[in-house]
Amino acid sequence: MTPFTEKAIEIIRNIPEGSVMTYGQIAALAGSPRAARQIVRILHSMSKKHRLPWHRIVNAKGEVAIKDDELHHEQIMSLRDEGVKVDHNGKVDLEKYQWRGSLHTRETTL
DNA sequence: TGGATGACCTTAA
DNA sequence: ATTAAGGCCATCC
């Protein structure tokens, strides 16, 4: 496996319940800021095998990026089950639930 | 305009 | 057949 994949998986598995991350964010933390699609790929393929909390991954807008309606609703239900308020449009409060990782609490964007 | 973002599709072992 | 890696490009703001 590539270090990127391993790191990405590690990051994903490090997302606490009630928190979400964006593709680009994970990709950036994994080492490739432009590899958001790789995260997509990983979540799509390796999530099941590696038992990843794929439902905690949303797009940069804080919305469920899944096209498959079934999985889409599944993610929403999973998120709500963890305490994440999911909008009817499948959007979550990114500013509130986005996992900032182990970084300091930078309130620059707040 | 341009840059960021994306739950894909293809190839390889 | 399965599992993992890679990347161009359309879309939105």
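Just so it is clear, the structure is predicted and the values come from calculations on it, not from any experiment. Below, read A as the first sequence line, B as the second, and so on, with proteins coming before strands; counting in each chain starts at 1.
- In this structure, A:I42 places its CD1 atom 7 Å from P of C:dA5, rounding to the nearest Å.
- If you measure from atom NZ of A:K49 to atom P of C:dA1, you get 15 Å, rounded to the nearest angstrom.
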Sort me out a list of protein N/O and nucleotides 4-7 of chain B N/O pairs below 3.5 Å, or just none if empty.
{"residue": "B:dA4", "atom": "OP2", "partner": "A:R34", "partner atom": "NH1", "Å": "2.9"}
{"residue": "B:dG6", "atom": "OP1", "partner": "A:A60", "partner atom": "N", "Å": "2.8"}
{"residue": "B:dG6", "atom": "O6", "partner": "A:R37", "partner atom": "NE", "Å": "2.5"}
{"residue": "B:dG6", "atom": "O6", "partner": "A:R37", "partner atom": "NH2", "Å": "2.1"}
{"residue": "B:dG6", "atom": "N1", "partner": "A:R37", "partner atom": "NE", "Å": "2.9"}
{"residue": "B:dG6", "atom": "N1", "partner": "A:R37", "partner atom": "NH2", "Å": "2.9"}
{"residue": "B:dA7", "atom": "OP2", "partner": "A:A65", "partner atom": "O", "Å": "3.0"}
{"residue": "B:dA7", "atom": "O5'", "partner": "A:A65", "partner atom": "O", "Å": "3.3"}
{"residue": "B:dA7", "atom": "N6", "partner": "A:W54", "partner atom": "O", "Å": "3.0"}

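- Side-chain contact between A:Q98 and A:Q25: present, with at least one pair of heavy atoms (C-beta onward) separated by less than 4.5 Å.
- Judged by distance alone, with hydrogens and angles left aside, the side-chain atoms of A:E74 form no donor-acceptor pair with the main-chain N or O of A:H55 at under 3.5 Å.
- Atom CG of A:L52 and atom P of C:dT3 are 14 Å apart (whole Å).
- In this entry the distance linking CE of A:M1 with C1' of C:dA5 reads 10 Å, nearest Å.
- Whole-Å rounding puts the A:E6 CD to C:dT3 P distance at 17 Å.
- What separates CD of A:Q38 from P of B:dC9 is a distance of 15 Å, to the nearest Å.
- Separating the CZ atom in A:R100 from the CE atom in A:M21 is a distance of 11.0 Å, to the nearest 0.5 Å.
- For C:dA5, one of the phosphate oxygens OP1 or OP2 lies less than 4.0 angstrom from a side-chain nitrogen or oxygen of A:T5.
- The number of heavy atoms from other shown groups lying within 6.0 Å of CZ (A:R13) does not exceed 12.
- Neither A:I57 nor A:M77 shares a network with the other; the hydrophobic side chains, linked directly or stepwise wherever heavy atoms of I, L, V, M, F, W or Y lie under 4.5 Å apart, form separate groups for each.
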Could you go through A:I66 and A:W54, starting from their C-alpha distance and side-chain angles, then the distance that decides it, and tell me whether this counts as side chain to side chain contact (heavy atoms under 4.5 Å, CB included)?
CA-CA 10 Å; A:I66 305 181; A:W54 57 273; 3.4 Å; yes
